[in-house]
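Quantities reported herein were computed from a predicted structural model and do not represent experimental measurements.
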Amino acid sequence: MKLGLLALVVKLFLRTPLFGWLLASPSPSNERSIVNGNIFLPPDKATIKAVVSAKFNQNQLKWLNSMIAKLTLEIVPAEIDPRTGLEKETVKEEAKGIRDGDEVKFEAKFEVPLDFGEIGAVIVRNEHFKEMYLYNISLGQLRKGTLTINCNSWVHSKDDNPEDRIFFTNKSYLPSQTPSGLRRLREKELRILRGDGHGERKKFERIYDYDVYNDLGNPDADSNLSRPVLGGTEYAYPRRCRTGRPRCKTDPLSESRSDEIYLPRDEEFSEVKSQSFQLNKLFAIAHAILPSFVEMSSTDKEFPYFTKIDTLFAEGINLKVKTKLDLRDILPSFIKKIVNDGEYLFRFEIPQLMARDRFSWHRDEEFCRQTLAGLNPCSIQLLQEWPLRSKLDPEVYGPPESAITKEIVEEQIKDFLTFEEALDQGKLFVLDYHDLLLQYVNKVRDIKGTTLYGSRTLMFLKPTEELMPIAIELTRPPTNKKPQWKQVFTPSSDATGAWLWKLAKTHVLAHDSGYHQLVSHWLRTHCVTEPYIIASNRQFSAMHPIYRLLHPHFRFTLAINAEARQSLINANGIIEMGFSPGKYSMELSSIAYDQWNFLSQGLPADLLVRGMAKEDSTASHGLQLAIEDYPFASDGLILWDAIKEWVTSYVNYYYLDAGLVESDCELQAWWTEIRTVGHGDKKDDPFWPNLHTPNDLIEILTIIIWVTSGLHAAINFGQYDFAGYFPNRPAIARTKMPIEDPTEEEWKQFIKNPEQVLLACLPSVVQATTIMAILDVLSTHSRDEEYIGQRIEPSWEDNQILKSSFQTFTARLMELKEIIDRKNADKKLKNRIGAGLVPYELLVPVSKEGVTTQGVPNSISI
């Protein structure tokens, strides 16, 4: 009887508000629990203490702002009221600021009902007239301890925008699993981020939208600065972030330019990043030095002799720069002193390649080795078709047959194999820029101070796993006055042939440098990633687990891309000034985009497409490399596998079956928008993968993370050490081959002084020094760099399963560092180690600050 009565009491108790209070997140104050020895029931409300950590913009008067600033905080319960089916009442309080060092702390106390339940979000209103940056919101005195909501976001003033900000807790939810009290806010936040597609964007906004690349030219300033719109039916291209600036008066298809480009507020560089010396150098070079260089270009000359190039690193060079800035403060590694008013002594750090072997650029073996372990290891292909033949229209570009014949090849490899044996055994490799560049040869040749050819370079793999060059073919298409011209150059022992071979290599290196910068680097990492970022912010709630997985890999990419549009890839910018295609540079990258394929951006698929690997279930990574000593591929596959294992564990945690993938409305909208809007010019291409299963999602995410981390690191952070000594990788070839329709005087000059002809072909003094400075900037790690696998996101740290998976990922990356060190000590791997060689370390996961030729950041941030 007593047990039955007790059970009835317990059952009734479980239904009471008091039991709900005991389970709820807020912890009641017990100050009134015992008074004069009498026991009282808990109060009907509990107290929550909120502390907001924030800072003001560095340009604001911090001490004054902290005294007058205040926030309105509104705590939102995660669930609706089960009795009414309506959202529960939120609780709102004012929080006043208190100075705490360089930060400001805002504090408030909330009295919440005992049946308030779990906290799902905090709504913030900035009552101050200036924006402020919120680090986090800490909610204390909860039954389960302190709840910290990570914000890491700028909050606009209500005077700029009356719309409040919503910050969800760190817990991730698929859309179908969203707590009932948060569903409306989840949808509302996404509507805000998408905007309405109209009007010019304002600095304080966070709107993500798409536009074409119609802001590279400046036709209102000069008709010669007009550039075609990239994106659309004529020039297919990925989309950029929309700014909504007014159209140009002289060209209504082009957007006008301004000193600042709109970015969603949280995409802008952090104070640490913007203050870091490498970005200051980039902006200073672009905005102060470059105009001075352009003015000098009319009298710009080549280096008179090669030892004069060496003085850039020993003595330096005097350049007069029109700027009010003291460039010594901005460019301390370049500028050693002021010579006269406005005249500076520039002196460059010695690149690794030059420091280790200043003559390595002469050697054919090093020329070939760098296609595997250098700055652009993504272009070399196995020769899979013979004979070589152009796919362009012969009526426009001339006879399609290559001038490289079987006999030429056999003459070069006769000490090793016959031509048929070399072809059958997969020993012939090609660097093929023939058809891509041939389309622009005549256009580029109309530009003063540059030239262009279509080119093919054929190489042979020796038994030592080293490549040797066989032949270079250079082609000029027919013009109105001249027929097609093509010539094959081979390594030669006679004086004339040897110098022609050096010049042919110079042209190929300029082609490879341009392709690397415009296609491998800009297009295939920076440019194609921008639509992924825009779609992620438009379609994923901040509480979506895939948003939280991708977010670290998108850090600062929109900001660096915007700066590139301002100073690097714009009309008359650094790329046009310093690289062979000149004003056709970006147009050429659009032609390359025609061949872009999302699936082949994954490393294994890329290697298979280029014939640099074949599938083999018994081999490491399931691939047999065509060249075992291929440092980029062998290191990259280890990193690829580590990324894929981490992504697999993450995806499988949230998506237990295909149904969850297919029913995830945000996920499906994200992938649809990437394909049909962000990369809309290629929406009908058949290569896009389906998104029906967890495995589909794993492959898509692994490709995106690989591109933003490993691939970008491999083609970016070696730029100064490999190309800082520019004869090794000239960005431009300024003169044609002396054997192409020479005048009598041109040929006499070549025979008399071939070194001077080579120097005239290399970049000028202005071009070389500008590009060298930029490459140093682009190769530099900042002090706040976030490297892959090193920083765990708060939402993962709160989850023991994900935390364990991430720790495993980090451990795998540390193993990669050890593997690379062992390989670089193995004397049998001649593409990695040797006297005077720069060792291959570009995929070592972590680096110190500066130019190191190491380190894989999470994101494309420089």
Side-chain angles (χ1 to χ4, degrees), residues 25 78 118-121 135-139 142 144-152 167-179 182 186 532 536-537 539-555 638-661 663-664 666-667 670 691 693-706 708-710 786-816 845-846 856-859:
S25 295
E118 184 179 352
I119 295 171
Y135 291 104
N136 56 60
I137 302 170
S138 178
L139 301 172
L142 305 180
K144 294 181 179 180
T146 299
L147 172 66
T148 300
I149 299 176
N150 293 85
C151 304
N152 297 317
F167 293 102
F168 299 105
T169 64
N170 295 341
K171 192 172 181 180
S172 299
Y173 298 97
L174 299 180
S176 62
Q177 300 164 348
T178 308
L182 303 179
R186 182 172 187 151
Y532 309 153
S536 295
N537 285 277
Q539 301 300 338
F540 283 139
S541 165
M543 68 172 75
H544 198 291
I546 302 305
Y547 175 88
R548 284 175 166 157
L549 175 67
L550 290 174
H551 186 66
H553 301 286
F554 294 157
R555 182 176 184 247
I638 299 172
L639 178 57
W640 169 272
D641 282 355
I643 292 171
K644 190 167 187 176
E645 287 176 14
W646 156 238
V647 172
T648 299
S649 63
Y650 190 93
V651 168
N652 287 339
Y653 177 80
Y654 287 102
Y655 297 92
L656 302 179
D657 54 50
L660 286 172
V661 172
S663 65
D664 187 335
E666 290 182 6
L667 180 69
W670 167 77
L691 182 50
T693 69
N695 284 340
D696 294 339
L697 179 57
I698 289 165
E699 188 69 17
I700 290 168
L701 295 174
T702 303
I703 289 172
I704 291 174
I705 294 173
W706 158 255
T708 60
S709 58
E786 291 185 4
Y787 295 99
I788 190 166
Q790 301 305 301
R791 180 179 176 274
I792 189 168
E793 293 298 303
S795 59
W796 311 337
E797 193 165 25
D798 294 342
N799 184 306
Q800 287 304 311
I801 295 176
L802 295 180
K803 182 178 181 180
S804 176
S805 296
F806 186 80
Q807 289 171 340
T808 300
F809 177 48
T810 302
R812 285 291 307 276
L813 297 176
M814 294 302 99
E815 290 173 9
L816 173 57
V846 179
V856 180
N858 265 329
S859 64

Let me see the working for Thr169 and Glu118 under side-chain contact (heavy atoms from CB on, under 4.5 Å), right down to the final yes or no.
CA-CA 10 Å; Thr169 64; Glu118 184 179 352; 5.6 Å; no
For Thr708 and Tyr532: C-alpha separation, side-chain torsions, deciding distance, then whether side-chain contact (heavy atoms from CB on, under 4.5 Å) applies.
CA-CA 11 Å; Thr708 60; Tyr532 309 153; 5.6 Å; no
Would Leu697 and Ile546 count as a side-chain contact (heavy atoms from CB on, under 4.5 Å) if you check the C-alpha gap in whole Å, the side-chain angles of each, and the deciding distance to 0.1 Å?
CA-CA 10 Å; Leu697 179 57; Ile546 302 305; 4.1 Å; yes
Derivation of the side-chain contact (heavy atoms from CB on, under 4.5 Å) call for Leu147 and Ile137:
CA-CA 8 Å; Leu147 172 66; Ile137 302 170; over 6 Å; no
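When the salt bridge (Lys or Arg N to Asp or Glu O under 4.0 Å) test is applied to Glu797, no partner is found at least two apart in sequence or on another chain. In this view, Asp696 and Thr693 satisfy the side-chain hydrogen bond (donor to acceptor under 3.5 Å, both in side chains) rule, not counting sequence neighbours. With sequence neighbours excluded, the residues forming a side-chain hydrogen bond (donor to acceptor under 3.5 Å, both in side chains) with Arg186 are Thr178, Glu666, listed by chain and number.
The distance from the NZ atom of Lys171 to the CZ atom of Arg548 is 11.0 Å, given to the nearest 0.5 Å. Taking CD of Gln177 as the reference point, atom OG of Ser172 lies at 10.5 Å (rounded to 0.5 Å). Put simply, OG on Ser805 and CD on Glu645 are 10.5 Å apart, with the number rounded to the nearest 0.5 Å. Atom OG of Ser709 sits about 3.5 Å away from atom CD1 of Ile788, to the nearest 0.5 Å. A distance of 6.0 Å separates CG of Leu701 from CG of Leu549, quoted to the nearest 0.5 Å.
Put simply, the side chain of Pro552 does not reach to within 4.5 Å of the side chain of Arg791, judged on heavy atoms. Taking 4.5 Å as the limit, every side-chain heavy atom of Phe167 sits out of range of all side-chain heavy atoms of Asn136. No side-chain heavy atom of Ile705 sits under 4.5 Å from any side-chain heavy atom of Asn858. Side-chain atoms of Pro175 and Asp664, non-hydrogen and from C-beta on, do get closer than 4.5 Å to each other. Residues Trp640 and Ile703 are in side-chain contact: their nearest non-hydrogen atoms beyond the backbone lie under 4.5 Å apart. Thr148 is listed as a side-chain neighbour of Ser138, based on a closest heavy-atom distance under 4.5 Å. Inter-residue side-chain proximity for Asn799 and Lys803 is flagged as unmet; no heavy-atom pair is nearer than 4.5 Å. Counting only heavy atoms from C-beta outward, the side chains of Phe806 and Leu802 never approach each other to under 4.5 Å.
Screening Tyr653, Trp796, Trp706 for a ring-ring contact (aromatic ring centres under 6.0 Å, His included) with Trp646, the sole residue that qualifies is Trp796.
Looking only at distances, no side-chain donor or acceptor of Arg812 sits under 3.5 Å from a matching main-chain atom of Ile643. Between the side chain of His553 and the main chain of Ser859, no donor-acceptor pair closer than 3.5 Å is present. Side-chain atoms of Thr648 come within 3.5 Å of backbone N or O of Lys644 as a donor-acceptor pair. Put simply, the side chain of Asn150 never gets that close to the backbone of Asn170: no donor and acceptor are under 3.5 Å apart.
Across Pro845 and Leu816, no two heavy atoms sit closer than the pair CG-CD2, 4.1 Å. Taking both residues in full, the closest heavy atoms of Ser541 and Phe168 are given as OG-CE1, 4.3 Å, listed atom of the first, atom of the second, then distance. The shortest non-hydrogen separation linking Pro694 to Val661 is N-CG2, 3.7 Å. Between Ser536 and Phe554 the shortest heavy-atom distance is OG-CE1, 3.4 Å.
Ring pair Tyr654/Tyr650 is tilted by interplanar angle, where 30° to 60° counts as tilted.
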